[in-house]
Structures are given as C-alpha cells and as structure tokens.
Amino acid sequence: MSDHHEHGSHQHGTPSLRHRLAHLLTPHSHETADKLDAALESSAQGMRALWVSLAVLGATALAQAAVVAVSGSVALLGDTVHNAADALTAVPLGIAFVLGRRAANRRFTYGYGRAEDLAGLVIVLTIAASAAFAAWAAVGRLLDPRPVTDLPAVATAALVGFAGNEWVARYRIRVGRRIGSAALVADGLHARTDGFTSLAVLLGAAGSALGLRLADPVVGLAITAAIVLVLRDAAREVLRRMLDAVDPALVDRAERAALAVPGVRSVGELRLRWIGHRLRAELAVVVDGEATLRQAHAIAVAAEHALLHALPRLTAALVHADPAPVPGERDPHLALAHHLTT
C-alpha cells in the first residue's frame, strides 16, 4: 500500500473575509492560498530590504565619489566602487523576487523561485568584478605614486562608508534569514565586509597624513583581499543553494517531527530542497501494513502537518506511505530497482 499526499496540489479560490479573519486568530493555515500569501509577504519583505539598501548605499557611494574626485584616493575609490556595486545588486535580486511571485505552470512546475539563486550568482560575479577593479586601481597607484589630498574629507567619507554598510548589512542579513533567502544573506555579508574595508580607508588616510605615499595603494590592495574573502563566503553560500544543499539540522528536525506522528513506524528517504527562499520536502514513512488507504492517508496528512510546524519556511511536502514489511513478503519496490541503478 502506498499513499502520496501534498497539500500544494489542491486548488482554492480567493479567501473570503471570514477565512482571513480566521487566519488572524489561528497560528497558521496550510491552505494553498495562505501559503501563497506567505510567499508574497516574504517576497515583499525582500523587496523592501532591497530598495531601502539601494537608497542607503547609493547615497553613501555618491558622498564618497565626491570626495574621491577631490582627493585622488585609490583606497577610497575602491571602497566607493564596491559600495556602488553592492547597491546595484538590488536590481537582479529585485527581478528575482518579482519573478518568484509568479505562479507555477506546466513548464515551470516548481514555480520561478530558482531565479533568486541565479540572482545570487550575479551578485557573486559583481563582487568578483569589483575586486578586480580595486586591484587594478591599487596596482596602478603603486607603480605611479601620487599624493592624496583633503585627508580629513577622506577620513570622514570612510566613516560614512562604514556606518552605511554596517546598517545595510544588519538589515539584509536579518530579513534574509527571516524569509530564508541565501542570496539576500550573501548580499548582507557583502555589505558587512564593505564596512570594514571603509575603515581600512581610514588607515590609509592616516598613513598618508604621516607622509607614507604608498599607504593609500597598499590599503587599496588590502581592500581587494577583503573583497576576495567575502567573495569566497558568498560564492560558497550561493553555490550550495544551487546544488540543493540544506542545513543537516533541518533534516534531523524533519525526521524527528515525522517519527513523532502516531502511526509512523519509521522514516525512509527524506529530502529537502530550497526553491528560492521556500522549502519543499519529500519523504517516505512506514505505516502498519494492515492500515486502510484512508488510515494511511490520514497518517500522511499528520506527517505533513508535523513538518509544517517543525520547518516554518516549508511550503509543500510530498509524503509517501509504505506498508511495514512482513517476513517473506516481496519488496513492493522491487519492480522499480532496474530503473534506479546508476
């Protein structure tokens, strides 16, 4: 006996006023329309984080660019370019969040959430490009040293850069973790490193004030190294998500939740995957072989219900119920074995 169950396959109309009021008075609902509302709300939070970040970092980069024009500091130039690139990453992420709101169809049966992972890849490439530009500017100044002027303005711009980036980093990381967006978290980590590179510009200004002509380009190279470090972390996070990696703790939590369901004797194959900032699950549970189809279906429903409680960002689960084996019984999946060999 086997039973497949997935709430996401049911169809529902527009929620009524009564339904919406009931939703406000209950911890959560598993109806498809409510899941869509939650997904839209998470996308709206992501969009809000992006545009607020764009405004703050855009203003920061413009202020720093004005100081670069009068001071000639390549360290500050590298920081400014990086801040501008960080602000512009809101564009691919914004497009991804908008695409993610589109409903699944017969071609994209899982929806468009993967666009968010592609946006994360664009962000990684943007970070790499800013690192290359910062390195080029710093090496050029090492080969052709020039004095840095208006050092107080450079120092002030460095502090402005740190403050703006740290605020944006905290905001992006907080929202990204709340809605489960690896791309937004990676972008927040990017902004945080930008903040510390801004403080490095302050050190370069101090060195220039002491008459060290190479202090500014050396700091520019240090900024490049910092960008490369954040590039490594961001690339690892985004590539893991693209390869369907999940935190093993989530798998453990899902398994414990399923095993706690009355009627579930054991949990077989269990898979989790992120689609954008939404989580999906597939699992097999072993039930009493003498259970009726209705009883097995009820256990599958209870297992999905438990998973929805255990994994807050889960939007759909496919539960397969297998009968507990008895001595001498032929494996019911044996007919599939030759299809599953590699």
Side-chain angles (χ1 to χ4, degrees), residues 45-91 93-94 123 126-127 129-131 133-134 137-138 148-179 181 183-210 215-231 233-234 237:
Q45 291 180 46
M47 290 290 289
R48 188 160 52 246
L50 290 176
W51 299 131
V52 170
S53 300
L54 175 61
V56 173
L57 289 178
T60 300
L62 286 175
Q64 290 182 314
V67 177
V68 168
V70 298
S71 67
S73 170
V74 293
L76 186 59
L77 173 62
D79 194 36
T80 302
V81 169
H82 202 194
N83 285 334
D86 197 22
L88 291 176
T89 57
V91 176
L93 265 180
I123 290 170
T126 302
I127 298 173
S130 62
F133 181 82
V148 178
T149 59
D150 294 296
L151 293 177
V154 172
T156 301
L159 292 175
V160 169
F162 172 76
N165 276 290
E166 180 60 22
W167 187 92
V168 166
R170 290 173 181 265
Y171 186 40
R172 284 179 173 177
I173 292 172
R174 183 174 67 250
V175 175
R177 287 176 176 165
R178 183 190 308 147
I179 68 175
S181 172
L184 192 55
V185 171
D187 221 14
L189 293 172
H190 180 194
R192 171 155 290 163
T193 302
D194 283 353
F196 289 112
T197 57
S198 294
L199 291 182
V201 174
L202 192 61
L203 292 178
S208 296
L210 295 175
D216 186 64
V218 167
V219 168
L221 288 176
I223 289 174
T224 301
I227 297 174
V228 170
L229 289 178
V230 77
L231 172 64
D233 293 339
E237 181 77 14

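Numbers here simply count residues along the sequence, with the first being 1.
Across G188 and A169, no two heavy atoms sit closer than the pair O-CB, 3.3 Å. Between Y171 and S53, the closest heavy-atom pair is CD2-OG, 4.2 Å. G161 and T60 get closest at one heavy-atom pair: CA-CG2, 3.6 Å.
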Exercise for the section: Could you walk me through whether W167 and L57 pass side-chain contact (heavy atoms from CB on, under 4.5 Å), step by step? Expected result: CA-CA 10 Å; W167 187 92; L57 289 178; over 6 Å; no
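From L231, atom CG reaches atom OG1 of T126 across 10.5 Å, with rounding to the nearest 0.5 Å.
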